[in-house]
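Values below: every heavy atom of this structure, side chains too, minus hydrogens, waters and symmetry copies. Every number for a ligand or one of its atoms is a count from 1 in the order of the listing.
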Amino acid sequence: MIVDVLLGLQWGDEGKGKVVDYLAADYDMVARFQGGPNAGHTLILEGGHKYVLHTIPSGIFFPQTQNLIGNGVVVDPLTLEQEIQKLEQAGLTISRNLYIARKAHLILPTHKILDAASEQYKGQGKIGSTLKGIGPTYMDKTGRNGLRVGDLESPDFEARYEELKQKHLRLLELYPYEFQLEPLEKAWFQSLERLRSLNFVDGEYFINDALRAGRRILAEGAQGSMLDIDFGTYPFVTSSNTISAGVCTGLGLSPRTIGDVIGISKAYCTRVGSGPFPTEEDNETGERLRKEGGEFGATTGRPRRCGWIDLPALKYSILLNGVTRLVITKVDVLNHFDEIKACTGYRLNGEVTDRMPYNLNETLPEPIYRSFPGWNCSLSGIERYEDLPENLLTYLRFLEQELEVPVVMISSGPEREQLIRRQLADLTVTPAR
Ligand code: GDP
Ligand code: IMO
Ligand code: MG
């Protein structure tokens, strides 16, 4: 009776989609617990077919795996419809294994306009939001004004929509922002038909019943721990709890149901959008990482900022999440670097620390690096962890020692099978905690 959790330990885009897709075969249900279409989870399947999932959990390609969009997620019917269309074109029957919690909140067209208006108003201080309406929708949720998926079943849905829209229009008068609501609204209402045709469930009962029936469940995080609303680099964060605590509120699970917490980190680090990034290499090294790693946003196409792995930030994420297992992705991106660096501490106001300072926004700490020789070879064809090049093993051993969590898997390419699982990585077995 446990739910394993898989989530990002950095600023998002760690390769969660790829790893969830790989692991989904081991689970009966994959559930998203927070975030919304700001997420972009890339899956590359047989034949190199690429899919980017925004709201739909990454277990969708396994027909026997149920996929739940939990109450903690915010749903834009329009993006969801487009996502479903692409999957149906690929031959999937979505109605068979996709479920949506009635308590998930709806992103309205005016939420997206408010997001854009607020970002424009902030000018230089903008968050770098994906402009998918995430912030305004969660604001209405906590402000107790929001509309939920289950409200679509209510006869007064349109009246309630109109009431909330009018409130948004009054708010928009605060901003010098031009917009055209009608075409967005028309498309949004049309997409409601598709949403209504999906399986609505009382998510908290749905998932707890499944647990009681002995089903194996994987909770799939979106964004990353450093974008968490409480613990991330505030205010340059998203509007939900991206850490493992969000699994309980975002799915209706008790803390006692949580099993393994699988934390994912790239072998280096990226960030997209504004905000502090201590190990950023805003130079040729960063450009090389971007090029080798194809570091462009899966949702917005924006170039991602790149830099070295940041151990103080990872230690912080591991602490907050209770990570039991580590997955290191995009190791292949470093294949041809002569030198690889890892930040082991920060120097701030003359002091050295490996803890995250309260505020990184005014003074960026200076990273202290440890350097490693590269392995300068391709990893293709390597199937066993022990057969990895010695210099890479040294780097991985160092990460394990510093982070005090075992590395159970490394990802060595974007495709599903480009994953090297270590022997102890039998994820159906609960380790001693
Ligand atoms: P997510 O948001 O955490 O699911 O990650 P994204 O899909 O936004 O970004 C990860 C990107 O890296 C995608 O383009 C993946 O196809 C790609 N990717 C994932 N794992 C690997 C890997 O091990 N090596 C390489 N080269 N690319 C990877
Ligand atoms: P996945 O799930 C990377 C970033 C945005 C912005 C900040 C707030 O693919 O890892 P928002 O749209 O939530 O108002 O944006 O958070 N951000 C992400 N960065 N990966 C994501 O998701 C992200 N979702 C949001 O760039 O800086
Ligand atoms: Mg992504």
Side-chain angles (χ1 to χ4, degrees), residues 6-22 32 34-45 48-55 57-58 73-74 76 107 111-112 114-116 118-119 122 126-139 220-229 232-240 242 264-268 270-277 289-305 327-335 378-380 409-420:
L6 181 144
L7 40 71
L9 300 178
Q10 300 171 305
W11 279 277
D13 304 328
E14 296 89 351
K16 300 175 290 292
K18 179 204 149 146
V19 181
V20 172
D21 167 60
Y22 180 90
R32 275 275 307 268
Q34 46 69 234
N38 48 350
H41 295 180
T42 313
L43 279 57
I44 301 189
L45 308 186
H49 294 292
K50 175 174 163 177
Y51 300 92
V52 180
L53 299 174
H54 300 286
T55 316
S58 302
V73 176
V74 289
D76 177 0
I107 302 177
H111 283 133
K112 285 196 266 191
L114 277 165
D115 212 358
S118 149
E119 279 285 84
K122 283 183 174 150
K126 70 175 181 183
I127 308 294
S129 164
T130 60
L131 306 181
K132 301 293 176 190
I134 305 296
T137 306
Y138 278 115
M139 276 166 73
E220 172 183 6
Q223 289 80 56
S225 305
M226 297 309 292
L227 289 169
D228 181 270
I229 182 70
T233 44
Y234 193 86
F236 301 100
V237 293
T238 190
S239 298
S240 63
T242 58
I264 306 202
S265 166
K266 289 183 191 180
Y268 51 99
T270 64
R271 169 162 208 172
V272 61
S274 328
F277 179 6
L289 286 167
R290 187 176 309 120
K291 188 163 164 277
E292 302 279 335
E295 295 294 358
F296 294 89
T299 296
T300 58
R302 292 177 292 178
R304 294 176 183 150
R305 299 156 63 193
V327 178
I328 307 292
T329 60
K330 305 195 83 162
V331 169
D332 55 301
V333 173
L334 302 180
N335 278 354
S378 155
L379 305 177
S380 69
M409 226 183 274
I410 68 146
S411 174
S412 58
E415 297 191 15
R416 188 186 267 169
E417 298 307 326
Q418 289 176 303
L419 254 175
I420 300 170

Taking N or O atoms only and a 3.5 Å limit, does G15 qualify as a polar contact for ligand 1?
-> yes
Could you find the nearest protein heavy atom to atom 23 (O) of ligand 1 and give me its residue, atom name and distance?
-> S411 OG, 2.5 Å
Out of L227, T242, N38, whose heavy atom sits nearest atom 18 (C) of ligand 2?
-> L227
Using modelled atom types only, decide if a donor and an acceptor are shared between the side chain of T299 and the backbone of A39 within a distance under 3.5 Å.
-> yes
If you count the atoms of ligand 2 from 1 in the order shown, which ones are under 4.0 Å from a heavy atom of G12?
-> 3 (C), 10 (O), 20 (N)
R304 contact mode with ligand 1 (heavy-atom cut-off under 4.0 Å) | side chain
Check whether any side-chain heavy atom of T130 lies under 4.5 Å from a side-chain heavy atom of R302, and answer yes or no.
-> yes
Would one find an N or O of G293, backbone or side chain, under 3.5 Å from an N or O of ligand 1?
-> no
Please tell me if the side chains of T55 and V74 come closer than 4.5 Å, counting only heavy atoms from C-beta onward.
-> no
So, S265 versus Q10: side-chain donor-acceptor pair below 3.5 Å or not?
-> yes
May I ask you to test the V20-P57 pair for a side-chain heavy-atom distance under 4.5 Å?
-> no
How far is atom 26 (N) of ligand 1 from its nearest protein heavy atom, and which residue and atom name does that atom have?
-> D332 OD2, 2.8 Å
Is there a nitrogen or oxygen of T329 sitting under 3.5 Å from a nitrogen or oxygen of ligand 1?
-> no
Quick one: which ligand 2 atoms are inside 4.0 Å of a heavy atom on A39?
-> 1 (P), 2 (O), 9 (O), 22 (O)
Which of the ligand 2 atoms, numbered from 1, are nearer than 4.0 Å to a heavy atom of W11 = 3 (C), 19 (N)
Ligand 1 to G413 polar contact by distance, N or O atoms, under 3.5 Å | yes
Are any of the side-chain heavy atoms of D76 and K132 separated by less than 4.5 Å?
-> no
Residue from E220, R416, M409 passing side chain to side chain contact (heavy atoms under 4.5 Å, CB included) with V19 = M409
E292 side chain to Y268 side chain, donor-acceptor N/O pair below 3.5 angstrom = no
Is there any N or O on D13 that sits under 3.5 Å from an N or O of ligand 2?
-> yes
Numbered atoms of ligand 1 (with element) below 4.0 Å of H41, judged on heavy atoms | 1 (P), 2 (O), 4 (O), 7 (O)
Looking only at protein heavy atoms, identify the closest one to atom 12 (O) of ligand 1 and say how far it is in Å.
-> K330 NZ, 2.8 Å
Relative to atom 21 (C) of ligand 2, which among E220, R32, Q223 owns the nearest non-hydrogen atom?
-> Q223
Atoms of ligand 2 less than 4.0 Å from K16 heavy atoms?
-> 1 (P), 2 (O), 10 (O)
Heavy-atom nearest neighbour in the protein, as seen from atom 13 (O) of ligand 2, with distance rounded to 0.1 Å = T238 OG1, 2.6 Å
Are E119 and I127 close enough that some pair of their side-chain heavy atoms sits under 4.5 Å apart?
-> yes
Specify side chain, backbone, both or neither for S412, according to which of its non-hydrogen atoms lie closer than 4.0 Å to ligand 1.
-> backbone
Does K18, backbone or side chain, put an N or O under 3.5 Å from an N or O of ligand 1?
-> no
Nearest-neighbour protein heavy atom for atom 4 (O) of ligand 1, which is reported as residue plus atom name and distance | G17 N, 2.9 Å
Proximity flag G128 to ligand 2, non-hydrogen atoms under 4.0 Å | yes
Checking heavy-atom distances from atom 15 (C) of ligand 1 to each of I264, T270, T42, V20, the winner is T42
Value for CZ (R32) from NE2 (H41), rounded to nearest 0.5 Å, stands at 5.5 Å
Give the numbers and elements of all ligand 2 atoms closer than 4.0 Å to a heavy atom of R302.
-> 5 (C), 26 (O)
For Y51, which residues count as a ring pair (Phe, Tyr, Trp, His ring centres under 6.0 Å) partner, sequence neighbours excluded?
-> F61
For the pair I134 and I107, evaluate side-chain contact (heavy atoms from CB on, under 4.5 Å) and give the outcome as yes or no after the intermediate values.
-> CA-CA 7 Å; I134 305 296; I107 302 177; 4.2 Å; yes
Stepwise, does the side-chain contact (heavy atoms from CB on, under 4.5 Å) test hold for L45 with D21?
-> CA-CA 9 Å; L45 308 186; D21 167 60; 3.5 Å; yes
Which heavy atom of G17 sits nearest a heavy atom of S58, and at what distance?
-> CA-OG, 3.6 Å
Decide whether K18 and S411 meet the rule of one side-chain donor and one side-chain acceptor closer than 3.5 Å.
-> yes
Of all the non-hydrogen atoms in the protein, which one sits nearest to atom 10 (C) of ligand 1, and at what distance?
-> D13 O, 3.7 Å
Near V272, which atoms of ligand 2 are under 4.0 Å from a heavy atom of that residue?
-> 3 (C), 5 (C), 19 (N), 26 (O), 27 (O)
Ligand 1 versus A298, non-hydrogen atoms closer than 4.0 Å: side chain, backbone, both, neither?
-> side chain
Relative to the heavy atoms of A222, which atoms of ligand 2 are at a distance of less than 4.0 Å?
-> 2 (O)
CD1 of I410 to CD1 of I328: how many Å apart, nearest 0.5 Å?
-> 9.0 Å
Any side-chain heavy atom of M226 within less than 4.5 Å of one from R271?
-> no
Residue and atom names of protein N/O/S atoms that fall under 2.8 Å from the Mg ion (ligand 3) = D13 OD1, G40 O
Where on V237 is there a heavy atom closer than 4.0 Å to ligand 2, on the side chain, on the backbone, on both, or on neither?
-> backbone
Pairwise distance OG1(T329) to CD1(I264) - rounded to 0.5 angstrom = 6.5 Å
Return a yes/no value for S239: is any of its N or O atoms, backbone included, closer than 3.5 angstrom to an N or O of ligand 2?
-> no
Nearest non-hydrogen contact to atom 2 (O) of ligand 1 from the set G224, G297, G40 belongs to G40
Note the single closest protein heavy atom to atom 11 (P) of ligand 2, along with its residue, its atom name and the distance in Å.
-> S129 OG, 3.6 Å
Report yes if some heavy atom in the side chain of K16 is under 4.5 Å from a heavy atom in the side chain of E14; otherwise report no.
-> yes
Give the residue and atom name of whichever protein heavy atom lies nearest to atom 12 (O) of ligand 2, and the separation in Å to one decimal.
-> T130 OG1, 2.5 Å
Donor on one side chain, acceptor on other, Q223 and T242, under 3.5 Å = no
Determine whether Q34 and Y138 make a side-chain contact, defined as any pair of heavy atoms from C-beta on separated by less than 4.5 Å.
-> yes
Proximal atoms of ligand 2 relative to G40 (non-hydrogen, under 4.0 Å) = 1 (P), 9 (O)
